[in-house]
Amino acid sequence: MPTFFNFYITMNGTEEKIKKATIDLLLCDGNFGVTMKDIANKSIVSRTVIHYYFRSKENLLAVVCDEIVEDLLRPKYQILFTDYPFKQKILNFIEHAEKVSEIYPYLDIFLVSQCKIYKNLQQYIDSTKESFGMFVKEICEAVTKEEISNQDPSNFIIDLLAISNYSSIYYDFIKKNDLGKIFNSDKTMFKHRKKHLYSYLFSNNK
């Protein structure tokens with residue numbers, strides 16, 4: 001089962017405070033150019049203490065990146081590689097992705113934009129290629145069965161990942177810029193997104 005809820009709740013102690021602050025800066029704020037000063041301010045821990053625990057910013061980021069991969073990314077994308085029926089696993093992925101993105105809206109942007117910077121991110125991507133290949137075969141089977149309208153597996157994956165992962169970023173943008181009044185909407189505007197996305201992906205469902 002995905003572990004990110006436990007991961008989010010159980011961080012405590014000085015070392016964990018430092019790691020949590022770093023993760024929040026990266027994945028909640030989208031601050032990919034994070035500095036030791038940023039981390040010290042966020043964690044309310046002095047830079048001297050941070051250096052004591054992690055020796056350098058690079059080492060801290062490497063440790064944090066490992067945890068992001070193992071506790072957030074791997075459980076999330078593993079859902080697509082389970083033996084559940086195709087539609088059920090897509091629904092499971094959408095539900096999980098939206099819950100994760102509410103807490104860590106920049107998780108997937110971090111993966112996409114930083115994979116050439118952090119070798120553990122690239123290693124994770126490389127480790128999923130065979131599984132993604134099997135998933136593409138399932139998409140092709142769904143196309144043959146006319147379960148999905150999109151005839152191109154790559155477009156289906158792009159639609160699934162883009163729409164399911166980035167809603168919270170745009171909600172945050174709307175909220176920070178007070179645009180909700182224009183749309184006459186608030187956080188409830190995303191309550192029905194799961195159903196909307198599922199209907200969009202399976203618009204040819206018979």
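Counting begins at 1 with the first residue of the sequence.
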Is any side-chain heavy atom of [X] less than 4.5 Å from a side-chain heavy atom of [Y]?
X: F110; Y: I68; result: yes
X: V64; Y: I18; result: no
X: L73; Y: L121; result: yes
X: L72; Y: L27; result: yes
X: D152; Y: F156; result: no
X: I23; Y: Y104; result: yes
X: D108; Y: V100; result: no

- Message: Can you confirm whether F32 is buried at CZ, in the sense that more than 12 heavy atoms of other residues, nucleotides or ligands lie under 6.0 Å from that atom?
- Response: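 Correct, the count exceeds 12.
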
- Message: Within a 6.0 Å radius of atom OH on Y84, are there more than 12 heavy atoms belonging to other residues, nucleotides or ligands?
- Response: no

Are any side-chain N or O atoms of [X] and backbone N or O atoms of [Y], one a donor and one an acceptor, separated by less than 3.5 Å?
X: S46; Y: V49; answer: yes
X: T144; Y: C140; answer: yes
X: D29; Y: N31; answer: no

Any carboxylate oxygen within less than 4.0 angstrom of a Lys/Arg side-chain nitrogen, looking at [X] and [Y]?
X: R74; Y: E70; answer: yes
X: K89; Y: D83; answer: no
X: D38; Y: K42; answer: no

- Are Y77 and F93 close enough, and set up right, to give a ring-ring contact (aromatic ring centres under 6.0 Å, His included), and what steps lead you there? CA-CA 8 Å; Y77 285 98; F93 179 80; 5.6 Å; yes

- Task: Take K76 and N165 through the side chain to side chain contact (heavy atoms under 4.5 Å, CB included) test and state the conclusion after the steps.
- Result: CA-CA 11 Å; K76 175 181 177 178; N165 290 329; 2.7 Å; yes

- Query: What's the verdict on side chain to side chain contact (heavy atoms under 4.5 Å, CB included) for I157 and L80, showing C-alpha distance, side-chain angles and the deciding distance?
  - Reply: CA-CA 11 Å; I157 292 175; L80 296 177; over 6 Å; no

To the closest 0.5 Å, what do you measure between [atom1] ([X]) and [atom2] ([Y])?
X: L60; Y: C65; atom1: CG; atom2: SG; result: 11.0 Å
X: E147; Y: I139; atom1: CD; atom2: CD1; result: 11.5 Å
X: K87; Y: K145; atom1: NZ; atom2: NZ; result: 9.5 Å
X: I79; Y: Q88; atom1: CD1; atom2: CD; result: 11.0 Å
X: M36; Y: H51; atom1: CE; atom2: NE2; result: 3.5 Å
X: L61; Y: L26; atom1: CG; atom2: CG; result: 6.5 Å

- Task: Output, in order, the C-alpha distance, side-chain angles, deciding distance and verdict of side chain to side chain contact (heavy atoms under 4.5 Å, CB included) for D126 and Q122.
- Result: CA-CA 6 Å; D126 292 340; Q122 188 60 55; 3.1 Å; yes

- Task: With side chain to side chain contact (heavy atoms under 4.5 Å, CB included) as the test, would you mind laying out the steps for N92 and T82 before giving the verdict?
- Result: CA-CA 10 Å; N92 292 346; T82 61; 5.8 Å; no

Heavy atoms only: give me the nearest [X]-[Y] pair and the separation to one decimal.
X: N59; Y: F54; value: ND2-O, 3.0 Å
X: K17; Y: I44; value: NZ-O, 4.4 Å
X: I50; Y: S43; value: CD1-OG, 4.3 Å

- Query: Do I158 and F81 belong to the same hydrophobic cluster, where Ile, Leu, Val, Met, Phe, Trp and Tyr are linked whenever their side-chain heavy atoms lie under 4.5 Å apart, directly or via other members?
  - Reply: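 No, no single cluster joins them.
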
